[in-house]
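Take a look at the structure set out below.
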Amino acid sequence: MEDDAGEQSSFVTGLIQNRAKEVGVAAFDLRSAALHLSQYIETSSSYQNTKTLLHFYDPTVIIVSPNKLAPDGMVGVSELIDRFYPSVRKVVMARGCFDDTKGAVMIKNLAAKEPSALSLDTYYKQYYLCLAAAAAIIKWIEAEKGVIVTNHSLSVTFNGSFDHMNIDATSVRNLEIIEPLHSALWGTSNKKRSLFHMLKTTKTIGGTRLLRANLLQPLKDIETINTRLDCLDELMTNEQLFFGLSQFLRKFPKETDRVLCHFCFKPKKVTSKVLDVDNAKKSQTLISSIILLKTALDALPLLAKVLKDAQSFLLANIYRSVCENEKYASIRKRIGEVIDEDVLHARVPFVARTQQCFAIKGGIDGLLDIARRSFCDTSEAVHNLANKYREELKLPNLKLPFNNRQGFYLSIPHKDIQGKLPSTFIQVVKHGNNIHCSTLELASGIVTISEFGRNINFGSLVDAIREDVSVLTLLAEVLCLLDMIVNSFAHTISTKPVDRYTRPHFTAHFSTIRVVDRIFTRMGTVDNLESNSSTFMTEMKETAFVMQNVSERSLIVMDELGRATSSSDGFAIAWSCCEHLLSLKA
C-alpha cells in the first residue's frame, strides 16, 4: 500500500460515544501498522479529552457513527468534528459498522502479540466502544485502500494514553512544545525556540514522529523512564557504542519504517483489466520494498556487533529480541534465493529504477530476462536521443533528468534558447531558469521503461516474508526508538558541555522531579468568537476543565502576569474555587 505522506500524519481515527459520556477511540497508523485503542469518560461538555487525543493523532480521516447517541448537554462527536475540525475528512458510517464483537475478533487475528498479553479477554466488556471503533476503521481502510491487513501484523495498544501524561492542546501551545508562540510574527527562524524543533535531529521520519509523540504524551511510568535514562547514561560513557549505533542508523533511508510495514498489507484480488493498468507500478514499489528490506537485514550483523556488550536493559533487550532472532536470518535467506546479492537500496531515481530492473537473479523468469534487454536498449536509445538534440539543435547544456513521476524529460537552460523552441518539443513548462519539455520520441521510450515489471510475480517470496511479518513490525519500532534516543536525545547531550545536562533522579541529593499525570497551563485568554464566549466565560470554562480533571499528582502552570492584568475577575473567582478543591483533595 502506497502512502507517501512524509512527516505528515497517516492516522485514520474512529470515534463513538454512548449516552453515559463514554468515548471510544481507535487510531490506525497506516505508516507504522499500529492500532491504538482508548476508552474513557468525557468529563467536559466541550470534549477536552477527545480534543487532546485528536491533537495528538492529528488524523487525516475521522470516522464517526450517526449523531444519535449524544449525551444530554453534549453536541456529540460528529458535530464536534464539524465545528472544530472542518479541514479533516469526516466519514459517517452506519452504526452497524461499529460492531464490538467483530472488533474483538479482528484484534485477536491481526495483533502481533498474543491476545492474552493484550488482556483482551479480561477487559472485553470494558473496552467495547474502542473495539467497535476499531471494527469500523479497519473495514473502511480495507475498502478504501483496496488492501487486506495481514494476520498477526499490527502493533496494538490498549488505553495507551493512560500510561502517559496528558497535555491538552492549549497547554501544548502555551508551553511551546511543538510550535513557538507568535511564529507568524517572528518568522520561520523562530521555530528553533520550540522544544520539538530543538530536539529534531532524528534521521528517519518514523523517529521524528516518535519524538513528537513522546513530547505530546510524555511517559509517566518511572520504570520505563529510568530504563531510557540508563540507556542514555551508557551511550554518554561509551563513545564506541554511541558512534557505532550512529553509524548503524545511517545505513537506513528516512522512510524505512513505512517500507518495513508495507508487508503488513496485501492487495485484494482484482481483475486482469485493472492489473494491466497499474501492476507495473505496484511491482516496482514491491521490488523497491524488498531491496530496502534486504538492506536493513544486511545491517543487522553490524547492530549485533555494536550491542553485543551493551549493559543497559533497553539495549540488551534489543540485542536479544532482534540480533538473536533467527527469523531475520530466515527471511534474509529467502530473499537471497531470488534477489541478487549486489543489489542495494538507492536514492537516485534512475539508479533505483535500474536496481529494480536487475534485482532479481537471472534465469528465474524468462519474460523478465527479455524485459531487461528491452529496458537496456530503450535506456540507451533515450540517451542517444538526448545527444542528438544537443548536437543538431546546438544545445550543449541540455540535460536528461529522471524522476519517478514523469520518467525521463529534457531540461534546457533558458539562456541557451534563441527564439522559440522547435515544434518537436512538447509539454513545455518553465521551471526556474530552465525549460522542462519532452518529445514524442522520448515519450515512447518513457512508456517502455515505466511499464517494466508488469509481468513480474513475487507471490511466493512476499508470502514467505508475510509469514513472519510481526518481526518486521518489531524491527521498524526498534529503528524508530534508536533513532530518537541516539540521534536526538544522546546527540543533543553530546553537543553541549559536560555539565550542561544532569540526569534527573527521583531522590533526597539532586533537584526532585516527580511524575505528574496531567499538565495544565494558564497564560491569559481573549474572547472566543467560535464558541460565542467572552473572556470571562472562556476563563471559567478553562478553569472548570482543570477542576474536573485535576488530581493530587497534577501540575498546574500559571502565568502570573496574565492573571494580574486580566480585565475580568472570572479566573480569580474560579481559581479560588480550584485552590479550595485542591486543599480538600490534599
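One is the number of the first residue; the rest follow in order along the sequence.
- A salt bridge links Glu144 and Arg89; the closest N-O separation between the charged side-chain nitrogens and carboxylate oxygens is under 4.0 Å.
- Side-chain atoms of Pro422 and Leu393, non-hydrogen and from C-beta on, do get closer than 4.5 Å to each other.
- With hydrogens and angles disregarded, a donor-acceptor distance shorter than 3.5 Å links the side chain of Thr208 to the backbone of Thr204.
- The structure places OH of Tyr389 at 3.5 Å from CG of Leu385, a figure rounded to the nearest 0.5 Å.
- Shown here is Glu142, whose CD atom has more than 12 heavy atoms of other residues, nucleotides or ligands within 6.0 Å.
- The closest donor-acceptor contact from the side chain of Thr202 to the backbone of Asn487 lies at 3.5 Å or more, if one exists at all.
- Residues Gln355 and Ala346 share a closest heavy-atom pair of CG-CB, 4.3 Å.
- Every residue meeting the salt bridge (charged side-chain N to carboxylate O under 4.0 Å, His left out) condition with Asp369, not counting sequence neighbours, appears here in chain and number order: Arg372.
- In this structure, Glu255 contributes its side chain and Ile205 its backbone to no donor-acceptor pair below 3.5 Å.
- Panel note: side chain Thr473, backbone Ser153; a donor-acceptor pair is recorded below 3.5 Å.
- Here the shortest heavy-atom pairing between Arg332 and Asp298 reads NE-OD1, 2.6 Å.
- Screening Ile81, Leu54, Asp29, Val12 for a side-chain contact (heavy atoms from CB on, under 4.5 Å) with Pro59, the sole residue that qualifies is Leu54.
- Ion pair Lys200/Glu179 not flagged as a salt bridge, since none of the NZ, NE, NH1 or NH2 atoms sits closer than 4.0 Å to an Asp/Glu carboxylate oxygen.
- Tyr328 places a side-chain N or O within 3.5 Å of a backbone atom of Val471 that can act as its donor or acceptor partner.
- The closest donor-acceptor contact from the side chain of Thr256 to the backbone of Phe252 lies at 3.5 Å or more, if one exists at all.
- Closest non-hydrogen pair, Val343 versus Ala359, comes out as CG2-CA, 3.6 Å.
- For the side-chain contact (heavy atoms from CB on, under 4.5 Å) test with Leu421, the passing option among Leu410, Ile426, Ile412 is Ile412; the others fail.
- One finds the OG atom of Ser438 at 4.0 Å from the CG atom of Leu442 (value rounded to the nearest 0.5 Å).
- A salt bridge links Asp257 to Arg31: one of the charged nitrogens lies within less than 4.0 Å of a carboxylate oxygen.
- In this structure, Phe263 CZ and Thr150 OG1 are separated by 10.0 Å, a value rounded to the nearest 0.5 Å.
- Under the 3.5 Å distance criterion, the side-chain polar atoms of Lys361 are matched with a main-chain donor or acceptor of Gly336.
- Shown here is Glu239, whose CD atom has no more than 12 heavy atoms of other residues, nucleotides or ligands within 6.0 Å.
- Contact of the Val259 side chain with the Leu293 side chain is not registered, since no non-hydrogen atoms from C-beta on lie closer than 4.5 Å.
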**Prompt:** Does the pair Asp168 and Ser171 meet the rule for a side chain to side chain donor-acceptor pair (under 3.5 Å), with working shown?
**Reply:** CA-CA 5 Å; Asp168 63 88; Ser171 299; 2.9 Å; yes
**Request:** Check the pair Ile63, Val92 against side chain to side chain contact (heavy atoms under 4.5 Å, CB included), reporting the backbone distance first and the verdict last.
**Result:** CA-CA 6 Å; Ile63 298 172; Val92 179; over 6 Å; no
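- Nearest heavy-atom pair, Leu53 versus Val25, reported as atom, atom and distance to 0.1 Å: CD1-CG2, 4.0 Å.
- The aromatic rings of Phe358 and Phe375 sit perpendicular to each other, their planes meeting at more than 60°, with 30° as the lower class boundary.
- Side-chain N/O atoms of Ser194 and His197 include a donor and acceptor closer than 3.5 Å.
- Judged by distance alone, the side chain of His262 and the main-chain N or O of Arg258 form no donor-acceptor pair under 3.5 Å.
- Under a cutoff of 6.0 Å and an axis angle of 45°, Lys308 and Tyr319 do not form a cation-pi pair.
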**Request:** Start with the C-alpha distance between Val306 and Gln240, add both sets of side-chain angles, then the distance that settles side chain to side chain contact (heavy atoms under 4.5 Å, CB included), and finish with yes or no.
**Result:** CA-CA 8 Å; Val306 173; Gln240 186 176 0; over 6 Å; no
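- At a threshold of 4.5 Å between non-hydrogen side-chain atoms, the residues His36 and Phe11 count as touching.
- At distances below 3.5 Å, at least one donor-acceptor pair connects side-chain atoms of Thr495 with backbone N or O atoms of His491.
- At least one side-chain heavy atom of Ser246 sits less than 4.5 Å from a side-chain heavy atom of Val486.
- Residues Met93 and Val64 are not in side-chain contact: their nearest non-hydrogen atoms beyond the backbone lie 4.5 Å or more apart.
- Judged purely by distance below 3.5 Å, without hydrogens or angles, the side chains of Asn214 and Arg228 pair a donor atom with an acceptor atom.
- Between Ile137 and Leu35, some side-chain heavy-atom pair lies under the 4.5 Å cut-off.
- Panel note: side chain Asp483, backbone Leu479; no donor-acceptor pair is recorded below 3.5 Å.
- The shortest non-hydrogen separation linking Met484 to Gly207 is CB-O, 4.3 Å.
- Side-chain contact between Ile141 and Phe28 is present, with heavy atoms from C-beta onward closer than 4.5 Å.
- Heavy-atom minimum distance, Phe425 versus Cys437: CD2-SG, 3.5 Å.
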**Request:** Begin with the C-alpha distance, continue with both residues' side-chain angles, and end with the deciding distance and a verdict on side chain to side chain contact (heavy atoms under 4.5 Å, CB included) for Asn433 and Lys415.
**Result:** CA-CA 8 Å; Asn433 295 325; Lys415 61 182 179 62; over 6 Å; no
**Asked** Are Phe350 and Phe408 close enough, and set up right, to give a ring pair (Phe, Tyr, Trp, His ring centres under 6.0 Å), and what steps lead you there?
**Response** CA-CA 9 Å; Phe350 186 67; Phe408 282 114; 5.0 Å; yes
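- In Lys90, the NZ atom is crowded: over 12 heavy atoms of neighbouring residues, nucleotides or ligands sit closer than 6.0 Å.
- Here the CG-CG distance, from Leu292 to Leu297, works out to 9.5 Å after rounding to the nearest 0.5 Å.
- With a 6.0 Å radius and a threshold of 12 heavy atoms from other residues, nucleotides or ligands, His431 has its NE2 atom at or below the threshold.
- Within a 6.0 Å radius of NZ in Lys254, no more than 12 heavy atoms belonging to other residues, nucleotides or ligands are found.
- Side-chain contact check for Ile485 versus Leu235: some heavy-atom pair is nearer than 4.5 Å.
- Shown here is Asn384, whose CG atom has more than 12 heavy atoms of other residues, nucleotides or ligands within 6.0 Å.
- Tyr409 has its ring centre no less than 6.0 Å from the ring centre of Phe402.
- We find the CD1-OG1 distance between Ile335 and Thr295 to be 9.5 Å, quoted to the nearest 0.5 Å.
- Residue-environment remark: NZ (Lys294) exceeds the threshold of 12 foreign heavy atoms within 6.0 Å.
- With values rounded to the nearest 0.5 angstrom, Leu215 atom CG is found 8.5 Å from Ile167 atom CD1.
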**CA sep, side-chain torsions, deciding dist, call: Lys145, Phe265, side chain to side chain contact (heavy atoms under 4.5 Å, CB included)** = CA-CA 10 Å; Lys145 303 296 183 180; Phe265 306 92; over 6 Å; no
